[in-house]
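First comes the structure, then the notes that go with it.
Order of the sequence lines sets the chain letters (A, B, ...), proteins ahead of strands, with each chain counted from 1. Here the structure is a predicted model, which means the values were calculated and not measured.
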Protein chains: 2
Amino acid sequence: MTDNRLSRAFTALADPTRRDIVARLALGDATPGQLAEPFDVSLQAVSKHLKVLEDAGLISRSRDAQRRPCHLETEVLDLMSAWVERYRRRAEERFQRLDAVLASLDEEEEEAS
Amino acid sequence: MTDNRLSRAFTALADPTRRDIVARLALGDATPGQLAEPFDVSLQAVSKHLKVLEDAGLISRSRDAQRRPCHLETEVLDLMSAWVERYRRRAEERFQRLDAVLASLDEEEEEAS
DNA sequence: CTCGTATTCAACCGTGCGGTTGACAATGCA
DNA sequence: TGCATTGTCAACCGCACGGTTGAATACGAG
């Protein structure tokens with residue numbers, strides 16, 4: 001369940017073009033045409049990327065005449081941030097603890113000398 | 001550059017098995033054998049997953065006789081967290097601002113009534 | 001209704017991923 | 001040295017990805 005959501009989210013952001021699109025949308029909503037313009041890929045390719053991002057829940061799309069403005073959503077970013085932060089913190093704690101062990105070893109050396 | 005690092009990192013975590021491995025390693029170092037045991041995939045498959053994680057910089061491997069214990073690294077997790085957090089925060093800010101606009105519209109309605 | 005604009009859909013293609021099985025390398029132990 | 005343990009390398013397979021081009025759709029303007 002949540003597993004699939006995370007898989008889709010990480011897969012979506014594994015592509016540099018899609019990360020660029022997310023970065024662009026963080027500044028404000030934009031249409032596929034506007035999003036395609038700075039990149040050297042076809043509009044159809046961008047459309048596919050947007051579908052991937054939408055399926056991942058990272059963006060939503062509304063309607064304005066022929067245009068389909070894209071909007072960056074926060075919920076999935078929250079999920080991803082929480083996942084990464086969780087294990088980053090644990091790894092960090094283990095790292096600190098290792099430092100503590102090394103420090104105590106140093107102390108023992110000091111005392112021994 | 002950093003682009004490739006992020007791509008490799010997101011790609012690595014796009015796979016549920018690899019996320020499980022990371023979760024396991026957050027509790028402590030483990031050998032490929034120990035990591036393969038709880039999963040219903042071959043040791044070779046796990047070995048491949050570990051190579052992907054290592055190439056992404058998410059884990060490092062040392063040597064202990066025949067064993068190759070795996071260790072979770074924090075640096076790339078830091079990178080990922082920073083990237084996600086950056087855009088999550090921007091999207092959040094834009095969301096708050098939208099709320100503010102809606103609230104001010106409500107106020108105008110109140111005053112008009 | 002017709003035309004132009006904006007976007008998506010469909011089919012195809014090359015490449016890479018995740019899985020398998022089988023052979024090989026590295027190390028500890030009798 | 002011979003053998004068991006642990007892990008990796010290599011070749012193959014099915015499938016999904018990211019890209020393309022060409023056709024179809026949806027809508028506003030005239």
Could you check how far CZ of B/Arg19 sits from C1' of C/dG18, rounded to whole Å?
-> 15 Å
How long is the line joining CG of A/Leu35 and P of C/dA6, in whole Å?
-> 14 Å
Smallest separation among heavy atoms of B/Leu58 and B/Ala12, with atom names | CD1-CB, 3.9 Å
Between C/dT7, C/dT5, C/dA26, spot the one nearest the side chain of B/Arg63, thanks.
-> C/dA26
Hey, is B/Glu85 close enough to B/Arg88 for a salt bridge, meaning N to O under 4.0 Å?
-> yes
N or O in side chain of B/Arg67 less than 4.0 angstrom from C/dG28 OP1/OP2 = no
Output the residues of residues 38-59 of chain A in contact with DNA chain C, where contact means a heavy atom of the residue under 4.0 Å from an atom of the strand; sort by number or write none.
-> A/Leu43, A/Gln44, A/Ser47, A/Lys48
Less than 4.5 Å apart, any side-chain heavy atom of A/Arg61 and any of A/His71?
-> no
Nearest-Å distance for atom pair CG/P, residues A/Asp64 and C/dT5 = 17 Å
How is A/Thr31 classified with respect to the nucleic acid when contacts are heavy atoms under 4.0 Å: base, sugar-phosphate, or nothing?
-> sugar-phosphate
Which two nucleotides bound the region of DNA chain D that has atoms under 4.0 Å from heavy atoms of chain B, read 5' to 3'?
-> D/dT5 to D/dA11
Side-chain contact, heavy-atom cut-off 4.5 Å: A/Arg8 with A/Thr11?
-> no
Between B/Ser7 and A/Arg19: side-chain donor-acceptor atoms closer than 3.5 Å = yes
Salt-bridge present (A/Arg24, A/Asp20; N to O < 4.0 Å) = no
For A/Asp15 and B/Gln34, take the nucleotide of DNA chain D holding the closest heavy atom to each; which residue's nucleotide lies nearer the 5' end?
-> B/Gln34
Anything under 30° is parallel, anything over 60° is perpendicular, the rest tilted; go ahead and classify A/Trp83 against A/Phe10.
-> perpendicular
Between P of C/dA6 and CD of A/Glu37, the distance in whole Å = 12 Å
Side-chain donor-acceptor pairs under 3.5 Å in residues 35-50 of chain B, sequence neighbours left out?
unit_1, atom_1, unit_2, atom_2, d
B/Ser42, OG, B/Ala45, N, 3.2
B/His49, ND1, B/Arg18, NH1, 3.1

Expected output: side-chain B/Arg89 to main-chain B/Ala91 donor-acceptor under 3.5 Å | no
